[in-house]
Trainee: 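Below you'll find the structure I mean.
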Amino acid sequence: MDLARFPRRRYTEGFTPLEHLPHLTRHMDGPHIFIKRDDLLGLAGGGNKTRKLEFLVADALRQGADTLITVGAVQSNHCRLTLAAAVKEGMKCRLVLEQRVPNSYNPEASGNNFLYRLLGVEKVRVVDLGTDLNAAMQAEADEVAALGRKAYIIPGGGSNALGALGYAACAQEILMQAFERGLPFDHLVCASGSGGTHAGILVGLRALGSRIPVTGISVRRSTPDQVELVGKLASEIRAFLGISGEWDPAEVVVFDDYVGPGYSLPTPEMAEAVRLFARKEGILLDPVYTGKAAAGLLDLIAKGYFKKGEKVLFLHTGGSPALYAYQDAVLRL
Ligand SMILES: *Cc1c(COP(=O)(O)O)cnc(C)c1O
């Protein structure tokens with residue numbers, strides 16, 4: 001796997017930290033818990049989209065674009081980071097925000113929504129669930145073209161084969177850190193949303209010869225739907241990288257037990273996990289992704305799926321700016 005042949009911008013200096021969580025490990029009395037701090041990636045507020053944007057924005061610049069257009073939920077980390085990348089590159093950025101929960105868009109809301117405004121978004125277009133998002137983004141691109149400019153459309157979550165290279169690169173980074181520290185991990189756990197993180201890290205690990213199983217905690221879809229989404233993306237990444245040979249679809253492992261009533265809707269288990277990481281380790285999770293992924297991690301430890309003596313790496317994909325839009329749920333649920 002030679003990633004150097006793909007144009008890339010750099011938004012983070014060096015590697016993100018890989019840390020042991022001694023207090024949480026002791027508290028759970030199960031496996032050794034480690035965390036990969038991708039919440040500390042570069043661009044405003046950090047998070048996993050930064051790695052994808054390194055490849056996507058390089059492609060946009062290569063094509064001569066001056067405006068980035070993307071789509072996300074009303075409190076989207078991906079939209080915040082795409083906008084931050086545009087600012088850094090001297091580009092403009094337009095956002096299509098999908099109301100996955102009816103009437104959830106509040107222009108005055110805190111969290112990522114506040115940051116859209118602070119970072120100077122050019123335009124926000126709010127659409128309802130069920131809208132053709134590609135068409136909505138294309139309409140924005142046409143508007144930008146009519147102004148004599150050139151837009152580059154980034155798919156939701158930055159999850160196409162190019163963006164997912166960011167997580168193939170992360171797999172390489174993790175294996176290097178594991179080698180340096182003498183840490184043979186038994187499992188990797190991550191949130192699974194638009195799928196680029198899950199698919200990218202899985203393809204990256206296998207391409208580098210690692211057998212570490214990857215467990216994805218779904219934040220939105222049912223297990224069969226998420227397995228299909230991640231599997232399809234994994235095939236696209238492999239084709240894009242020119243990786244041949246057999247691919248076992250059973251590699252894609254997803255648990256959908258922690259979604260609760262739906263995407264972005266708080267659950268007591270999420271709130272408990274967010275409080276536990278904060279109070280045991282001083283680490284801020286988020287209510288929509290890592291809080292639910294951590295709820296999955298903790299429950300799977302309690303059930304003995306991850307066993308005492310094993311080494312489990314939890315991928316912290318970021319998102320803490322959204323905490324400020326969920327204060328009540330996180331403290332009271
Ligand atoms: C987008 C996001 C995820 C999910 O990553 P995908 O690549 O979309 O599956 C997880 N955590 C946070 C904080 C995110 O913003």
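As the structure is a computational prediction, the values presented were derived from the model and not from experiment. Counting starts at 1 for both ligands and their atoms, following the listed order.
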Trainee: If the condition is side-chain contact (heavy atoms from CB on, under 4.5 Å), which residues does Asn134 pass it with, not counting sequence neighbours?
Mentor: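 side-chain contact (heavy atoms from CB on, under 4.5 Å) check on Asn134 returns Asp132, Met137.
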Trainee: Please tabulate, one line per pair, the protein N or O atoms found under 3.5 Å from any N or O atom of ligand 1, giving the distance to one decimal.
Mentor:
| unit_1 | atom_1 | unit_2 | atom_2 | d |
| --- | --- | --- | --- | --- |
| ligand 1 | 5 (O) | Asn48 | ND2 | 3.0 |
| ligand 1 | 5 (O) | Thr197 | OG1 | 3.4 |
| ligand 1 | 7 (O) | Lys52 | NZ | 2.5 |
| ligand 1 | 7 (O) | Gly196 | N | 3.4 |
| ligand 1 | 7 (O) | Thr197 | N | 2.9 |
| ligand 1 | 7 (O) | Thr197 | OG1 | 2.7 |
| ligand 1 | 8 (O) | Ser194 | N | 2.9 |
| ligand 1 | 8 (O) | Ser194 | OG | 2.5 |
| ligand 1 | 9 (O) | Gly193 | N | 2.7 |
| ligand 1 | 9 (O) | Ser194 | N | 3.1 |
| ligand 1 | 9 (O) | Gly195 | N | 2.8 |
| ligand 1 | 11 (N) | Thr317 | OG1 | 2.6 |
| ligand 1 | 15 (O) | Lys49 | NZ | 2.9 |
| ligand 1 | 15 (O) | Asn77 | ND2 | 2.9 |

Trainee: What pairs with Arg220 under salt bridge (charged side-chain N to carboxylate O under 4.0 Å, His left out), at least two apart in sequence or on another chain?
Mentor: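 Per chain and number, Arg220 pairs via salt bridge (charged side-chain N to carboxylate O under 4.0 Å, His left out) with no residue.
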Trainee: Please check if Ile283 and Leu298 belong to a single hydrophobic cluster, counting links between Ile, Leu, Val, Met, Phe, Trp and Tyr side chain heavy atoms closer than 4.5 Å.
Mentor: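 They do share one cluster, since a chain of ILVMFWY contacts under 4.5 Å joins Ile283 to Leu298.
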Trainee: For Phe255, run the side-chain contact (heavy atoms from CB on, under 4.5 Å) check against Thr223, Leu297, Ile217 and tell me which one passes.
Mentor: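 Single side-chain contact (heavy atoms from CB on, under 4.5 Å) partner of Phe255 among Thr223, Leu297, Ile217: Ile217.
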Trainee: With sequence neighbours left out, what residues match Tyr105 under ring pair (Phe, Tyr, Trp, His ring centres under 6.0 Å)?
Mentor: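 Tyr105 satisfies ring pair (Phe, Tyr, Trp, His ring centres under 6.0 Å) with no residue once adjacent residues are dropped.
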Trainee: Going by the angle between their ring planes, with limits at 30° and 60°, are Tyr263 and Tyr289 parallel, tilted or perpendicular?
Mentor: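 Tyr263 vs Tyr289 ring planes: perpendicular.
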